[in-house]
Asker: 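Have a look at this one before I ask anything.
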Amino acid sequence: MRERKITAVPRAVLALLALALAAQIGIKASASPPGASAEELPPAPSMAALRIASFGDPIALAKILMLYLQAFDYQSGSRVPYKDLDYARLEAWLSRILELDPAGQYPLLAASRLYAEVPVEAKQRSMLEFIHREFLLDPSRRWPWLAHATVIAKHRLRDLPLALRYARAIQHNATGDGVPLWAKQMEIFILEDLNELETARIIVGGYLESGAIKDPAELRFLEERLRELEARMQGAVK
């Protein structure tokens with residue numbers, strides 16, 4: 001089989017290969033000896049520099065940067081836990097990657113499933129706030145990650161007011177057709193946990209009266225929930 005001349009290869013492919021090679025060389029050159037600390041995660045490049053480096057293909061660059069970022073906890077063969085990363089720099093990297101590829105979901109998946117579950121409360125809270133900020137930029141597509149952040153706030157941090165704040169953000173901002181009812185109802189369950197029964201009852205009643213719920217199973221669920229709330233409120237009065 002005849003070999004293709006290098007001039008026959010599309011320039012975009014050559015540019016990506018050159019970028020990947022340069023990134024690999026840069027990582028190797030800056031590698032610290034065994035025992036390096038993950039606080040040495042470098043500052044995220046500016047968006048201007050990244051757009052130049054993308055050669056017109058920001059999505060491909062975003063994927064390369066995400067691979068680099070996730071591999072950073074391995075330095076010279078020595079594993080460094082996620083909890084030791086500099087979270088201010090980590091958030092800056094994740095933010096840049098999302099700016100390069102706003103439709104990409106993987107940075108927020110990593111934020112909620114990896115970086116927000118470290119056993120360091122301050123870093124957990126920092127990452128949850130990052131997820132909340134990024135959610136507000138595209139609520140109807142990024143709601144799953146704030147929903148997971150709500151669960152972490154409730155069950156890991158045991159911070160019901162924070163969980164309620166995130167749940168309310170979903171309920172008020174994630175209005176797209178693809179957002180399931182259970183995600184919007186997280187606010188109701190947390191209000192019940194806080195014993196805010198009257199507020200929960202008003203929200204459920206509002207759903208029923210709005211006529212927006214068409215699915216018979218969802219309507220039955222809400223009607224049953226309303227009856228349970230009213231029964232609990234009557235029991236509390238007695």
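Numbers for residues simply follow the sequence, beginning at 1.
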Asker: Going by side-chain contact (heavy atoms from CB on, under 4.5 Å), Arg125 matches just one of Leu162, Val120, Ile152. Which one?
Answerer: Leu162
Asker: Which atom pair, heavy atoms only, marks the closest approach of Ala169 to His132?
Answerer: CB-NE2, 3.8 Å
Asker: Taking atom CG of Leu41 and atom CG of Asp86, what is their separation to the nearest 0.5 Å?
Answerer: 7.0 Å
Asker: Does the pair Arg227 and Glu230 meet the rule for a salt bridge (charged side-chain N to carboxylate O under 4.0 Å, His left out), with working shown?
Answerer: CA-CA 5 Å; Arg227 287 193 293 269; Glu230 290 173 343; over 6 Å; no
Asker: If you measure from CG on Leu128 to CD on Glu117, what distance do you get to the nearest 0.5 Å?
Answerer: 9.5 Å
Asker: Under a 3.5 Å distance rule, please check whether Tyr87 uses its side chain to pair with a backbone N or O of Tyr115 as donor and acceptor.
Answerer: yes
Asker: Drop me the distance from Glu187's CD to His172's NE2, to the nearest 0.5 angstrom.
Answerer: 5.0 Å
Asker: For the backbone of Leu137 and the side chain of Arg142, can you confirm whether one donor and one acceptor N or O come within less than 3.5 Å of each other?
Answerer: no
Asker: Indicate the atoms forming the closest heavy-atom contact of Glu134 with Ser95, along with that distance.
Answerer: OE2-OG, 3.7 Å
Asker: Looking only at heavy atoms, which two atoms of Met127 and Ala111 are closest? And how far apart?
Answerer: CG-O, 3.3 Å
Asker: I need the Tyr166 OH to Met186 CE distance, nearest 0.5 Å.
Answerer: 12.0 Å
Asker: Within the distance-only criterion (no hydrogens, no angle test), does the side chain of Trp93 pair as donor or acceptor with the backbone N or O of Pro42 below 3.5 angstrom?
Answerer: yes
Asker: When rounded to the nearest 0.5 angstrom, what distance separates CG in Asn195 from CE in Met233?
Answerer: 10.0 Å
Asker: Taking Ser126 for the side chain and Ala122 for the main chain, is one N or O donor matched with an acceptor at less than 3.5 Å?
Answerer: no
Asker: Do the side chains of Glu223 and Arg220 get close enough for a salt bridge, i.e. N-O under 4.0 angstrom?
Answerer: no
Asker: Report the distance from atom CD of Glu129 to atom CD1 of Ile131, rounding to the nearest 0.5 Å.
Answerer: 10.0 Å
Asker: Short question: side chain of Gln124, backbone of Ala116 - any donor-acceptor pair under 3.5 Å?
Answerer: yes
Asker: Can you name the closest pair of heavy atoms from Val179 and Ala183 and give their distance?
Answerer: CG1-CB, 4.2 Å
Asker: Are any of the side-chain nitrogens in Arg51 or Glu99 under 4.0 Å away from the carboxylate oxygens of its partner?
Answerer: no
Asker: If every non-hydrogen atom of Ser140 is compared with every non-hydrogen atom of Asn173, which pair is closest and at what distance?
Answerer: OG-O, 4.4 Å
Asker: Output yes when a side-chain donor or acceptor of Thr150 lies under 3.5 Å from a complementary backbone atom of Leu146, and no otherwise.
Answerer: yes
Asker: Are any non-hydrogen side-chain atoms of Arg232 and Glu192 less than 4.5 angstrom apart?
Answerer: yes
Asker: Between the main-chain N or O of Lys123 and the side-chain N or O of Lys83, is there a donor-acceptor pair closer than 3.5 Å?
Answerer: no
Asker: Can you see which heavy atom on Leu98 is nearest to which on Phe130, and at what distance?
Answerer: CD1-CZ, 4.2 Å
